[in-house]
Amino acid sequence: MGSRRARRCLHSDCPLPTAYCPMKDLATALSAANAAVFTELGLDPKHADVRRSDRPDLGEFQANGALAVAKAAGKKPQEVAQSVAAGWKATDLAQTPTIAGPGFLNFTVTPEALGKRAQFVADDAHAGASAVETKRRVVVDYGGPNVAKGMHVGHLRASIIGESVKRIYRFRGDEVWGDAHFGDWGFQMGLVITALEDEIGGFDDRAKLDARLKALTLDQLEAIYPTYAKRVKEGDIDVRDRARKATAALQGGSALHREIWKAMHDVSMAAQKRDFASLGVDFDLWLGESDADPLIPDMVKDLDAKGLLEDDQGARILRVAKPGETKKKKRDDGTIVEVESPDPLLVVSSEGSAMYGTTDLATIVQRMRDQKPDLILYCVDQRQADHFEQVYRAAAKAGYASREMLEHIGFGTMNGPDGTPFKTRAGGVLKLQDLIGQAEEKARERLRENEVDTNFSKEEFEDIAHKVAIAAIKFADLSNFRGTSYIFDLDRFMSFEGKTGPYLLYQAVRIKSILRKAEEQGVKPGAIAIEHEAERSLALALDAFDGALRAAYDKKAPHFLAEHAYNLAQAFSGFFANCPILQSNGAIRASRLALAAAALKQLTLTLDLLGIDVPERM
RNA sequence: GGCCCCAUAGCUCAACCGGAUAGAGCACUCGCCUUCUAAGCGAGCGGUUGCAGGUUCGAGUCCUGCUGGGGUCGCCA
């Protein structure tokens, strides 16, 4: 099981399968069978889709295409539904559908089909998940740490969502590179270099500079940057101009500036790697904006040769608006003018330096050269949507990449209880490590209260606390649709009750405990048979994994998988409460044990796709 | 001011191509540990989907207008 060849469903082209092929999820199999009936009746099979029902009291699956088709065929929905129902042949998949309301078809699958499907999930290395039909090469750009800023809560979403998207794409068979894309090349670098210059009174004293660079820490960079950024923001022209010149010097190749930059880069990189590791986030490429820098001169020449650049107020710009695309814009003096929209991409600043759009464009060139991707996903704050639109259009105009293969996976902000972007009580930015620390402390408290099976070693205790903390933080984030902002409330996420990360870990750990005991008692899993209502619910939950995975993949939205993980955990919990495993005997015990093992495998896998690790005990 | 996003139960969030009685969790009320981890399970309570129109067999979902909130509008990223 598990090889690519073996994963192909032999019935995928079969018009009316005579036997249910468990490689397909039940909704897909029912849809195929229903489509065959539609075709036989001369109805458009695209309306034959069957999905999980909103009305479990009437059936487990539903098809409502009869209503849509009836309109096109000029028939009554009820009549269409009746002819479809009459056209259904009894198979081992489902019984003839029942008709309800204006023409809804309701299906109930057979216990045999459910058992076969659950058995497939149990035996399958991918726990019932399908692979993509055509593999693509995909770069996922996420995380976006900044050299001059430590990781704080603002980086959480980019890291958490991007990591999950990367895992989802890879799991379905694409070739995927995650790239951290460090913010290590823009104006900010000139700014911190200028700040350092002020601090040590110039760069003339070589020994002094060396000593300072040697002692440099990320904490210091973090302290310097906001101070100077604030000065510029508040109108300090002198600092701004010096920082711009320093930026241009760095990018122009000044050895001194590069040396200072490197010291800052290295100290920051080391600290960021620790933070990412603690979050369970890993990259295949630890590249940054600076790595695209060598490509910029040739790229600018190329853009120029293609006649795409224009001089404008001392800068060089690339227009990306199509004819007629304009917007009204309010100027500082209050007058309203009509300008092109989107704004042009600023390629070379009046100071001669590269802007972040320039770097992003050059990074596309770089990726097309090195990874040759079919798709590049940018997991970045929604507020940068306009910026990416500019860059993508510029890339398309220059012929570097098609517009379709560049996609911004935007997400909303993480807000505090007051609904504004998250701050600490003191009004500052909460560091990532402090946040994780707070979550871990809550986990420790709960672990101490629990007293179950508590002969944890110090190491295991800390490991569990960490895993619970990360699970709480990540699941809270990923259970919201990424596009909207959400309110960060650590107490709620760590409440250990309800729809939380810890709940999911708890369910997984309970299954592990049973499997350990089964092992000790020499009980082996056996053929799955679905009899009890709770077994049925669990099998249906296991079947739903692939649909959730495909939705998460297509929409680049991990919350579909978060939802699935919760549904599965709940279905297992109901099964656990109603269907004794080790207390039962014979074939029933073997079947239930196999179901439990399948649930654990799929739950662990789903959580892994969300970037969440499961401890052995808790 | 232009453009984009959002508004769903007291709170935090779901709802796939427009489908049936809009779902979860928290909070609140009640029941369940002699039984594989009670961080659990079951039941109840809770809704004019911001407002007003429109499209249609059918609208939380699509269209128009309005109200409220957020974001954004070239030399930061």
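The figures here come from the full heavy-atom set of this structure, side chains too, leaving out hydrogens, waters and symmetry mates. Here is the naming used below: chain letters follow the sequence lines, and residue numbers restart at 1 for every chain.
Residue-level contact check: A:N106 touches the bases, meaning some heavy atom is under 4.0 Å from a base atom. Using a 4.0 Å heavy-atom criterion, one finds that A:D57 contacts the bases of the nucleic acid, with or without backbone contacts as well. Using a 4.0 Å heavy-atom criterion, one finds that A:T484 contacts the sugar-phosphate atoms exclusively. When heavy atoms are screened at a 4.0 angstrom cut-off, A:E351 is found touching no nucleic acid atom at all. Note on A:P580: a base of the nucleic acid sits closer than 4.0 angstrom, heavy atoms only.
Here, B:A14 and B:C6 have their C1' atoms 15 Å apart, quoted to the whole Å. As rounded to the nearest Å, B:G58 and B:A9 have P atoms that lie 26 Å from one another. Distance noted for atom C1' between B:C45 and B:G2: 47 Å (whole Å). Nucleotides B:A20 and B:A59 are separated by 10 Å at their P atoms, to the nearest Å. Nucleotides B:G10 and B:G19, compared at atom C1', are 30 Å apart to the nearest Å. Of the C1' atoms belonging to B:U48 and B:A7, the separation is 15 Å, rounded to the nearest Å. Comparing B:C30 with B:U12, their P atoms sit 26 Å apart, to the nearest whole Å. Across B:G46 and B:U56, the matching C1' atoms stand 32 Å from one another, rounded to whole Å.
In textbook terms, a nucleotide whose glycosidic angle is within 90° of 0 is syn, while B:C30, being further out, is anti.
A:R510 forms a cation-pi arrangement with A:F576, by the criterion of a distance under 6.0 Å to the ring centre and an angle within 45° of the ring axis. A cation-pi arrangement is absent between A:R550 and A:Y553, since the terminal nitrogen or guanidinium carbon is not both under 6.0 Å from the aromatic centre and inside a 45° cone about the axis.
To the nearest angstrom, C1' of B:C73 lies 4 Å from NZ of A:K327. Put simply, OH on A:Y566 is 6 Å from P on B:C26, counting in whole angstrom units. Atom-to-atom, CZ of A:R157 to P of B:C13 comes out at 10 Å; the value is rounded to the nearest Å.
In this model, a side-chain donor or acceptor of A:Q313 finds a partner on the base of B:G74 within 3.5 Å.
Residue A:K76 places no side-chain N or O under 4.0 Å from the OP1 or OP2 atom of B:C57. Close to B:C75, at under 4.0 Å from its OP1 or OP2, lies no side-chain N or O of A:S350. Between A:H559 and the phosphate of B:A15, there is a side-chain N or O to OP1/OP2 separation shorter than 4.0 Å. Regarding contacts with the backbone of B:A38, every side-chain N or O of A:Y503 stays at 4.0 angstrom or more from both OP1 and OP2.
Comparing B:G74, B:U72, B:C36 by their nearest atom to the side chain of A:R383 picks out B:U72. With B:G74, B:G40, B:U72 as the candidates, the nucleotide lying closest to the side chain of A:S573 is B:G40.
Counted by atom type alone, A:D477 and A:Y486 present one or more donor-acceptor pairs between their side chains at under 3.5 Å.
The pair A:R393-A:E325 meets the salt-bridge criterion, since a charged nitrogen lies less than 4.0 angstrom from a carboxylate oxygen.
Across the interface with RNA chain B, nearest-nucleotide mapping of A:R492 and A:F187 shows A:R492 to be the residue nearer the 5′ end. Position along RNA chain B of the nearest nucleotide to A:N64 versus A:I317 favours A:N64 as the more 5'-ward residue.
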